[in-house]
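All chains are named by letter (A, B, ...) in the order of the sequence lines, taking the proteins before the strands, and each is independently numbered beginning at 1.
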Amino acid sequence: MTTSVFDKYMDAPSIFKRDRDVLRPSYIPDKLLHRDEQINQIASILATALKGERPSNILIFGKTGTGKTATAKYLGKEITKVLKAGSAFQEVVYVYINCEVVDTQYGVLQNIGNRFIDNFNERIPPTGWSTERVYNILWKKMDTSPKVVIVVLDEVDKFVYKSGDDMLYHLTKINDDFENAKISLIGISNDMKFTELLDPRVRSRLSDEKIVFPPYDAGQLKDILKQRAELAFDNGILADEVISLCAAVEAHEQGDARRALDLLRVAAEIAERNRDQEVTEQHVYKAKNKIELDCVIEAVRTLPVQSKLILLGILMNEEAGQIKLTTGDVYSTYRILCRKTGLSMVSQRRVTDLISELDMMGIVSARVKSFGRGGRTKEIMASVPLMETKRVILKDSMLEPLNEFKINKQMTLL
DNA sequence: TGTCCACTGGAAGGGAGGGCTT
DNA sequence: AAGCCCTCCCTTCCAGTGGACA
């Protein structure tokens, strides 16, 4: 018999009863717990679609992991069920778009449009057409027969921040031009404030109905975890306190069900890898640390090389004992590193933006501070673990020349 | 009280790179 | 091939600014 490096993992008994995907946030259970009120509210609005009328537009607010996306997808499934059963009076098309993935006007219109184009050759290409043309095709294809189109724009705030509200304006106005079809929008956002950016006309049209998803409390999280755990594990695999602990940890932070589920899944995976028979509190604590570090590492690993260089500069300064830096400091270190690696150098203005991006990602903390005559600038410091992060950055092949490189205080003063 | 530093962050625009149309 | 369009990444320009210091 041949042996391989995988053998010892392959024959390890699995802790999971079946698919571990039931613990992933993308899994939509048959019954969503503790969201009855919101589901009923939205369902009562959308029900008009099944009667052939245009439902009001809806804005859904709530922090991450409060079940907004799950609810939207769940309702999509339910509508499909009704349509299949043939009890609807009208054709209803439910389009779900995640604006974090599709974040341009063109992209959103293309995505919606292609739902109504069966012939592959007629499809709207990912780029190349004018937006106006895409809009016209979309309009024509949608309006061929009477139907109600419900477009869900998940993370719509991301879209508005990036691309403005033109597209929302057109989509909310398109009904005026339709003869047969009707469109209604569901915007999902975790940021209440983004509506301030909208043109007043768009704002009032978009937010006919507002629905807020509150964070889950510990008890609710516990129910949700229990529901999934029953699907994922056999009895006796989870120590009694494990679910309560996962629920308590996340309820304490933000009431985020997504993270609570991740925590449970990773804890179980750690137990499995250790060939333990039971998932215990210790596994949960380990999982918590692992998830936090993994998030940082993944975020840093996928950074563009210019941002890596900037972050590396900040970390190297920290290593040399310079914890707090100004934009000027960061830029001069950045220039040293550019010269060392031979990479092209971007302007200070651009670096300011990249620093702000790193700040938004939580990788560094940067706040504007005035030093009086010393000028007004950002005060920047890293908020990720020094050595681990540095190691990840230096794995980038373009930054190889920096492997043994260190900076000292004089260099930052250049 | 006014000055002045070292930026901040908005605006406008360029150009490369993707792709389509004619 | 030439002429479009859109997005992304970047530059240049510049008015604006919080607060220590004279």
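The distance between atom CD1 of A:Ile124 and atom P of C:dC5, rounded to the nearest whole Å, is 18 Å. Across the protein-nucleic acid pair, A:Arg350 atom CZ and B:dG10 atom C1' stand 15 Å apart, rounded to whole Å. Between A:Tyr106 atom OH and C:dC4 atom C1' there is a gap of 12 Å when expressed in whole angstrom units.
Side-chain nitrogen and oxygen atoms of A:Thr377 include at least one within less than 4.0 Å of the OP1 or OP2 phosphate oxygen of B:dT8. Checking the phosphate oxygens (OP1, OP2) of B:dT8, a side-chain nitrogen or oxygen of A:Thr327 falls inside 4.0 Å. For the OP1/OP2 pair of C:dC10 and a distance below 4.0 Å, the side-chain nitrogens and oxygens of A:Ser347 include no atom meeting the criterion. Contact check, A:Thr352 against B:dT8: a side-chain N or O comes under 4.0 Å of OP1 or OP2.
Listed by chain and residue number, A:Asp176 satisfy the salt bridge (Lys or Arg N to Asp or Glu O under 4.0 Å) test with A:Arg205 (two or more places apart in sequence, or in another chain). Applying the side chain to side chain donor-acceptor pair (under 3.5 Å) rule to A:Thr104 yields no partners; only residues at least two apart in sequence or on another chain are considered.
A donor atom on one side chain and an acceptor atom on the other are found under 3.5 Å apart for A:Thr69 and A:Asp154. Remark: the A:Thr333 side chain and the A:Asn317 side chain contain an N/O donor-acceptor pair separated by less than 3.5 Å.
The aromatic ring centres of A:His34 and A:Tyr216 sit 6.0 Å or more apart.
In A:Glu298, the CD atom is crowded: over 12 heavy atoms of neighbouring residues, nucleotides or ligands sit closer than 6.0 Å. The environment of CD in A:Glu37 is sparse: at most 12 heavy-atom neighbours from other residues, nucleotides or ligands sit within 6.0 Å.
Of the two residues near DNA chain C, A:Asp103 and A:Ser130, the one whose nearest nucleotide lies more 5' is A:Ser130.
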* In the 5'-to-3' direction, what one-character label does each nucleotide of nucleotides 15-22 of chain C receive under the scheme B = base within less than 4.0 Å of a protein heavy atom, S = sugar-phosphate only, - = no such atom? -> -BBBBBB-
* Summarise protein proximity over nucleotides 11-22 of chain B in one line of letters, 5' to 3': B for base, S for sugar-phosphate only, - for none, counting protein heavy atoms closer than 4.0 Å. => -------BBSS-
Under 3.5 Å, side-chain donor or acceptor atoms of residues 286-293 of chain A against the rest of the protein: list the pairs with distances, not counting sequence neighbours.
from, atom 1, to, atom 2, distance (Å)
A:Lys288, NZ, A:Glu292, OE2, 2.9
A:Lys290, NZ, A:Asp294, OD2, 2.8

Enumerate donor-acceptor pairs with a distance under 3.5 Å from any side-chain N or O in residues 364-387 of chain A to protein atoms, sequence neighbours excluded.
from, atom 1, to, atom 2, distance (Å)
A:Arg367, NH2, A:Glu379, OE1, 3.3
A:Lys369, NZ, A:Glu379, OE2, 3.4
A:Ser370, OG, A:Gly372, N, 3.3
A:Thr377, OG1, A:Thr327, N, 3.4
A:Thr377, OG1, A:Thr327, OG1, 3.3
A:Lys378, NZ, A:Ser356, OG, 3.1
A:Ser383, OG, A:Gly362, O, 3.1
A:Ser383, OG, A:Ile363, O, 3.1

